[in-house]
Each structure stands twice: as structure tokens, then as C-alpha cells.
Student: 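I am attaching a structure below and will ask some questions about it afterwards.
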Amino acid sequence: TVGAVVLDKQGNLVAGTSTGGMTAKRFGRIGDSPIIGAGTYADNTSCAVSATGHGEYFIRYHVASDICARMKYAKMSLHDAANTVIHDVLLPAGGTGGVIAIDAGGNVAMPFNTSGMYRASIDKHGNVSIGIYK
Amino acid sequence: SSVAIAIHGGAGTLSPDDMTDAQRAEYISTLQTAVTEGYKVLLAGEPGEAAVIRAIQIMEMSPLFNAGIGAVYTFDGEHELDASIMNGRELNAGAVSGVKTIKSPIMAAYRVMTESPHVMLSAEGAEAFARQQALEMVDNTLFNTQRRYEALQKAKARMQSETSAVEWRQGNERFG
């Protein structure tokens with residue numbers, strides 16, 4: 001699975017995700033990537049999120065929109081909302097994976113509860129970061 | 001306003017032992033290209049959707065990632081691809097699922113968002129819409145890679161050894 005989240009010059013947040021899904025999948029199995037609210041979500045009043053991981057859990061826990069809702073209604077920061085959902089909600093339930101997220105201030109969060117996630121970002125100051133492992 | 005971008009290429013049980021320095025360098029280089037190209041689109045003042053599509057298409061065309069070329073195989077030895085895109089301004093969104101012959105699923109998702117009254121189209125219907133939109137259509141074998149084919153054989157061997165579907169929990173393949 002691959003994904004991107006951006007803040008553009010007009011102040012809009014956009015999220016996108018694309019995937020081949022799960023190895024050896026059968027019976028038309030669909031994961032979270034094409035499900036708006038689960039693997040992809042964007043709302044200018046909170047954040048944009050793209051997810052990757054065990055899709056069934058990301059659907060059941062509507063991970064992408066949950067992160068944005070915590071910002072919108074619980075007034076959590078992007079970092080706290082994303083880390084809470086990935087580490088305190090999803091992992092105890094057995095869901096593994098991670099997200100990339102960005103907010104209207106151009107802040108970036110990339111939490112994951114597995115040993116690695118291919119990720120890269122360029123923040124509002126132009127700082128580049130690229131990582132694979134924890 | 002200032003601009004910013006983040007991308008991912010998948011999560012999982014990754015270990016430094018799993019790849020050679022050369023492979024790691026290839027991943028880093030492709031991530032760098034994708035994030036930089038998307039950022040350039042933003043700096044040029046183009047809409048966020050263009051930057052998201054640019055960055056994701058670079059990874060869809062790379063055999064390194066589970067999307068487009070390099071996608072994992074289904075049980076039946078094919079590739080079924082999914083994609084979605086969402087804009088935070090008016091909460092508009094588009095998605096395709098279970099498509100096999102659309103070269104760029106993220107572009108198809110974008111067209112669903114901008115050229116149809118729907119949010120999600122699936123399988124043959126999504127393919128018919130993509131053809132109507134004159135998107136590039138390809139043979140499913142374009143997405144083949146040896147590495148993923150071998151992963152399919154391993155997964156199928158494990159499935160046969162498991163005693164029940166419930167117990168059959170996938171290994172690293174369960175990650176998108």
C-alpha cells in the first residue's frame with residue numbers, strides 16, 4: 001500500500017491511498033485503502049490521513065476519520081490524535097500498521113505500531129525526512 | 001500559505017536483515033523522488049490532488065511497493081487493485097476497488113471524484129468507467145513481479161498447512 005497527504009497553497013488538505021491489497025486474497029476481499037473514513041480521509045477543519053496495515057482493523061475502527069474526529073471534537077493535536085489511535089486503540093485490538101497525517105498548520109505525524117513503515121515527508125519549513133524502521 | 005507533504009510505502013514487520021544495503025538505497029531513493037516530486041507540484045501552487053496523484057503514481061509505477069506494478073497476487077494469481085482520494089475542502093471523495101486493468105488506480109479514483117456523482121465504483125463497473133474516461137488500460141500481467149509471486153506461493157503453502165480458516169492468520173502479507 002502507498003499513500004500521500006498534503007497541505008496545498010490554497011490551504012486545502014488532500015489524502016490519497018493506492019494498494020494491491022493482501023497477498024492470496026480471495027472472494028473479492030477489499031481492505032481499508034478504498035474505504036473513505038477507514039484508509040483515507042481529509043477535512044480542512046482537522047486533518048488528512050492515509051493508512052496502511054491490516055485492513056480489516058482499519059475498517060472496523062474507521063481509523064482515518066477517527067483521528068480527524070479526535071482533533072475536531074476532542075481538540076487533540078494531530079500528534080496526539082494519530083498516536084492515540086495507532087498505539088492505544090488499534091494495537092490493543094490486534095490491529096497492526098500505521099498512518100501518515102497532516103493538519104492545516106502543515107504539521108506531520110507518521111505513527112506506526114509495527115517494526116517498520118516506508119515513509120517520507122517535507123514539512124512546512126522544507127525539512128525532508130525519510131525512514132523505514134522504527 | 002505554506003505547503004507540506006507526507007507519503008508512505010506500506011508498514012509491516014520490516015527488519016534491517018530483510019534487505020541488502022542496495023535494496024534499502026533503492027527504497028530511500030524512490031521515496032525521496034516521490035516526496036520531492038509531490039512537493040514541487042505544491043510549490044507550483046497546483047491543487048493538492050495533483051500533488052497526491054503525482055507522488056502516488058511514482059510509487060504505483062515502482063515494483064518496490066504493493067500498489068500498481070509490484071502489487072501482491074490474489075489467491076488466483078492475479079492483481080486486484082484499490083485506491084481512494086479525498087479533498088478536505090468540500091469533503092469530496094472518489095474510490096475504485098477490485099480493478100485489474102487500470103494502469104493508475106489513483107487516477108481512476110480521482111476521476112470518480114471529479115467526473116461522476118459517486119464516491120466508489122468497483123470491479124467491472126469501475127473498469128467500464130475508466131474506459132469511458134479514456135484512462136490508460138493495461139493487461140493485468142503488467143503488475144507482475146517475481147518477488148510477489150514467490151510471496152504468494154509461501155502464503156498458499158501456509159494456508160494449506162493451517163487447520164482452519166479462523167486460525168489462518170496471515171504473516172506479513174496481511175499488511176496493505
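In the text below, chain A, chain B and the rest are named by the order of the sequence lines, each starting its count at 1.
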Student: Go through A:Ile30, A:Val99, A:Asn107 and name the one with the most non-hydrogen pairs under 4.5 angstrom from chain B.
Tutor: A:Ile30

Student: Name the region of A:Val108, side chain, backbone, both or neither, that has any atom closer than 4.5 Å to a heavy atom of chain B.
Tutor: side chain

Student: Could you tell me which portion of A:Tyr133 (side chain, backbone, both or neither) has an atom closer than 4.5 angstrom to a non-hydrogen atom of chain B?
Tutor: side chain

Student: Under a 4.5 Å side-chain heavy-atom rule over Ile, Leu, Val, Met, Phe, Trp and Tyr, are A:Ile67 and A:Val89 clustered together?
Tutor: yes

Student: I'd like to verify something: which residue of B:Leu64, B:Leu81, B:Asn92 has the highest number of heavy-atom pairs under 4.5 Å with chain A?
Tutor: B:Leu81

Student: Which pair of non-hydrogen atoms, one from B:Val72 and one from A:Gly20, has the smallest distance, and what is that distance?
Tutor: CG2-O, 3.4 Å

Student: Between chain B and each of A:Pro34, A:Gly31, A:Ala4, count heavy-atom pairs under 4.5 Å; write down the option with the most.
Tutor: A:Pro34

Student: Which atom pair, heavy atoms only, marks the closest approach of A:Thr17 to B:Ile106?
Tutor: O-CD1, 3.8 Å

Student: Among A:Thr52, A:Thr19, A:Val2, whose side chain to side chain contact (heavy atoms under 4.5 Å, CB included) with B:Asn66 holds?
Tutor: A:Thr19

Student: Any idea which heavy atoms bring A:Gly3 and B:Met59 closest together, and the distance?
Tutor: O-CE, 3.7 Å

Student: Pick whichever of B:His79, B:Lys156, B:Glu80 has the most heavy-atom pairs under 4.5 Å with chain A.
Tutor: B:Glu80

Student: Looking at side-chain heavy atoms only, is the closest gap between B:Met159 and A:Arg26 below 4.5 Å?
Tutor: yes

Student: Just how far is it from atom CE of B:Met86 to atom CD1 of A:Ile36, taken to the nearest 0.5 Å?
Tutor: 6.0 Å

Student: With the 4.5 Å side-chain cut-off for hydrophobic clustering, are A:Phe112 and A:Val5 part of the same group?
Tutor: yes

Student: If you compare all heavy atoms of B:Arg89 against all heavy atoms of A:Asn12, which two are closest, and at what distance to 0.1 Å?
Tutor: NH1-ND2, 2.6 Å

Student: In terms of heavy-atom pairs under 4.5 Å, which option from B:Ala55, B:Pro105, B:Ser97 contacts chain A the most?
Tutor: B:Ser97

Student: So do the side chains of B:Val3 and A:Leu7 get within less than 4.5 Å of each other, counting heavy atoms only?
Tutor: no

Student: Could you please state which residues from residues 120-132 of chain A sit under 4.5 angstrom from chain B, measuring non-hydrogen atom to non-hydrogen atom, sorted by number, or 'none'?
Tutor: A:Ala120, A:Ser121, A:Ile122, A:Asp123, A:Lys124, A:Gly126, A:Val128, A:Ile130, A:Gly131, A:Ile132

Student: With rounding to the nearest 0.5 angstrom, report the NZ to CG distance, A:Lys25 to B:Asp82.
Tutor: 5.0 Å

Student: Find the distance between CD1 (B:Ile7) and OH (A:Tyr118) and round it off to the nearest 0.5 Å.
Tutor: 13.0 Å

Student: Highest number of heavy-atom pairs under 4.5 Å with chain A: which of B:Ala83, B:Ala67, B:Ala6, B:Ala71?
Tutor: B:Ala6

Student: Which residues in residues 35-51 of chain B have any heavy atom closer than 4.5 Å to a heavy atom of chain A?
Tutor: B:Val35, B:Thr36, B:Tyr39, B:Leu42, B:Leu43, B:Gly45, B:Glu46, B:Pro47, B:Gly48, B:Glu49, B:Ala51

Student: For the hydrophobic clusters of this structure (ILVMFWY residues joined by side-chain heavy atoms under 4.5 Å, transitively), does one cluster hold both B:Met61 and B:Phe65?
Tutor: no

Student: Tell me, for A:Ala109 versus chain B, whether the close heavy atoms (under 4.5 Å) come from the side chain, the backbone, both or neither.
Tutor: neither

Student: Count I, L, V, M, F, W, Y as connected when their side-chain heavy atoms are under 4.5 Å apart, and connections chain through other members. Are B:Ile69 and B:Met137 then in the same cluster?
Tutor: yes

Student: Counting heavy-atom pairs closer than 4.5 Å to chain A, which one of B:Asp76, B:Val99, B:Ile53, B:Leu152 comes out on top?
Tutor: B:Leu152

Student: Side chains of B:His8 and A:Thr1, heavy atoms from C-beta outward: is any pair under 4.5 Å?
Tutor: yes

Student: For B:Tyr27, is it the side chain, the backbone, both, or neither that has a heavy atom closer than 4.5 Å to a heavy atom of chain A?
Tutor: side chain

Student: Go through the atoms of B:Ser104 and report whether side chain, backbone, both or neither lie under 4.5 Å from a heavy atom of chain A.
Tutor: neither

Student: Going only through I, L, V, M, F, W and Y residues with side-chain contacts under 4.5 Å, is there a path from B:Tyr149 to A:Met22?
Tutor: no

Student: If you count heavy-atom pairs under 4.5 Å between each of B:Arg148, B:Glu90, B:Arg24 and chain A, which one has the most?
Tutor: B:Arg24

Student: Contact between B:Tyr73 and A:Thr23 at the side-chain level, heavy atoms closer than 4.5 Å - yes or no?
Tutor: no

Student: For residues 108-122 of chain B, give me every residue with a non-hydrogen atom less than 4.5 Å from any non-hydrogen atom of chain A.
Tutor: B:Val119, B:Met120

Student: How about B:Ile85 and A:Val14: do any of their side-chain heavy atoms sit closer than 4.5 Å?
Tutor: yes

Student: Which residues in residues 69-81 of chain A have a heavy atom less than 4.5 Å from any heavy atom of chain B?
Tutor: none

Student: Are any side-chain N or O atoms of B:Ser84 and backbone N or O atoms of A:Ser33, one a donor and one an acceptor, separated by less than 3.5 Å?
Tutor: yes

Student: Taking atom CD of B:Glu124 as the centre, report whether more than 12 heavy atoms of other residues, nucleotides or ligands fall under 6.0 Å from it.
Tutor: no

